[in-house]
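So the structure is just underneath, and the comments pick up after that.
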Amino acid sequence: MSIDTEIAEIQLVLPPEVEEKRLRSLDQLQILDSPPEDRFERVTRMARLIFGVPMASVALLDRDRLWFKMVEGLPLSQVPRAETVCQTTVARTYTKPADPALIVDDLERVPEFAALPGVGGDGGVRFYAGYPLYGPGDQPVGTFCVYDTKPRTFDESQQATFRELAAWAQRELERADDLDRAAEVQRQLLPPPLEGVDGYSVVSMCKPAYAVGGDFYDHYLLDGGAMFTVADVMGKGLGAAILTASVRAALRGASQALDDVNPGIGPAEAVTMVAGHLDRDLAETESFVTLFHGRLTASTGRIEYIDAGHGLALVARADGSVESLPGCGLPLGVLPRDSWKSDTTTLLPGDTLVIVSDGLLDLLSEDSETETVQEFVRQHPDSRSLCAAVTALANASAPLDDVTMVAVRRDDAG
């Protein structure tokens, strides 16, 4: 596994699209610049004891730096990316995926490495063994490394032990099972396509910025119509996802319970009830929730709704015009014991209710041809093509925020 001048053939500059996927995976871990943790220290300490080396690290390769989550024997917290051997270890995962470990008996024998700061000389690094660490999507985001100040070799037994220690570091880093399971559960909580509302078609999508997100949409049938919700919990990632699950469950439960008691009760009562239940949770987590929650009466096209600080619901009329629906109050969690009053709009044949989250605003700000949601909706009058266009935008450039959309179209008069 030792190498010599073949290292010169490894491409250290990754293609932009590959690098962006890798950095996105790193960002999803949400671990950069976090404090040292004992669980990583145990791995590096064990590596030093087993191999008798003075230095070991768990490091993450950012855009311009190598940041050490844990490092022993080196008085460093980060180094410029261009001055590291670890960038080569990460690049090696693309060129030699079946054998990604990079073990160099003597760095001074490789000109590309000998020129790096800290290599060779009095007390400098001579021996290097690095193994890539992976984030969500199996993207290489960092390295587990051991170093020595003198040349040495690893026999087969030591190589096997090194891989086992790297696997231990990987398990501590990724929490991939938890993230993947959380993402799968969140996907499963999104409702299946809504059918059964005669005279209407419904399309929806949700793309989290991270493995899990703080947006959700919900829709379900009610007697004589349907209920629709789009909500955005402040924040991104796992913390927002936990709150999202609570908001979704509370809102659906309250809405359905109130409807069972009195089908004439509107969405305002459900939102006010849920906000009261969540006041403490939102206050303790210093969070808030924007949401659109509306009830459709299918026979008339009337939608009674609450827009709690969301402000991104529109009606695309059959004549090509687009109307923004006014808000009804503050987000949930801003004021304790707040209440809301509903507003109404009506879908005529050929009209479409469009509800999006603010992640779409970020995507449109990157699109020089489209400046507003209204313009974007006007350019895509068909609800299915609109949903496809939003999905394409989210897939084309990794969104900075979760992107969610629900479109409810009343069919043209027959």
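For reference, positions follow the sequence shown, starting with 1.
- Between Phe228 and His219, the ring-plane angle classifies as perpendicular under the 30° and 60° cut-offs.
- In the displayed structure, Asp223 atom CG is contacted under 6.0 Å by at most 12 heavy atoms of other residues, nucleotides or ligands.
- We find that Glu19 and Arg22 are joined by a salt bridge, their nearest charged nitrogen and carboxylate oxygen being less than 4.0 Å apart.
- Interatomic distance, Thr229 OG1 to Leu291 CG, rounded to the nearest 0.5 Å: 7.0 Å.
- Summarising the geometry, atom NZ belonging to Lys207 is positioned 11.5 Å from atom OG1 belonging to Thr404; distances are rounded to the nearest 0.5 Å.
- Remark: Lys69 does not engage Glu41 in a salt bridge, criterion side-chain N to carboxylate O under 4.0 Å.
- Contact check for Phe216 versus Thr244: side-chain heavy atoms found under the 4.5 Å cut-off.
- The salt bridge (Lys or Arg N to Asp or Glu O under 4.0 Å) test applied to Arg248 returns no partner, not counting sequence neighbours.
- Under a cut-off of 6.0 angstrom, the local environment of CD in Glu17 is crowded, with over 12 non-hydrogen atoms contributed by other residues, nucleotides or ligands.
- Atom CG of Leu360 is separated from atom CG of Leu363 by 6.0 Å, given to the nearest 0.5 angstrom.
- Judged by distance alone, with hydrogens and angles left aside, the side-chain atoms of Arg409 form no donor-acceptor pair with the main-chain N or O of Ser201 at under 3.5 Å.
- In this model, a donor atom of one side chain and an acceptor atom of the other lie less than 3.5 Å apart for Tyr128 and Thr89.
- Rounded to the nearest 0.5 angstrom, Phe127 CZ and Asp105 CG are separated by 6.5 Å.
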* Kindly determine whether Tyr147 and Ser57 satisfy side-chain hydrogen bond (donor to acceptor under 3.5 Å, both in side chains), including the steps that lead there. => CA-CA 9 Å; Tyr147 318 83; Ser57 71; 2.9 Å; yes

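- Residues passing the side chain to side chain donor-acceptor pair (under 3.5 Å) test with Asp38: none are found, sequence neighbours excluded.
- To the nearest 0.5 Å, atom NE2 of residue His277 and atom OG of residue Ser246 are 12.5 Å apart.
- Contact check on Arg45 versus Glu72 returns no salt bridge, with no Lys/Arg side-chain nitrogen under 4.0 Å from an Asp/Glu carboxylate oxygen.
- Between Leu165 atom CG and Tyr131 atom OH the span is 12.5 Å, to the nearest 0.5 Å.
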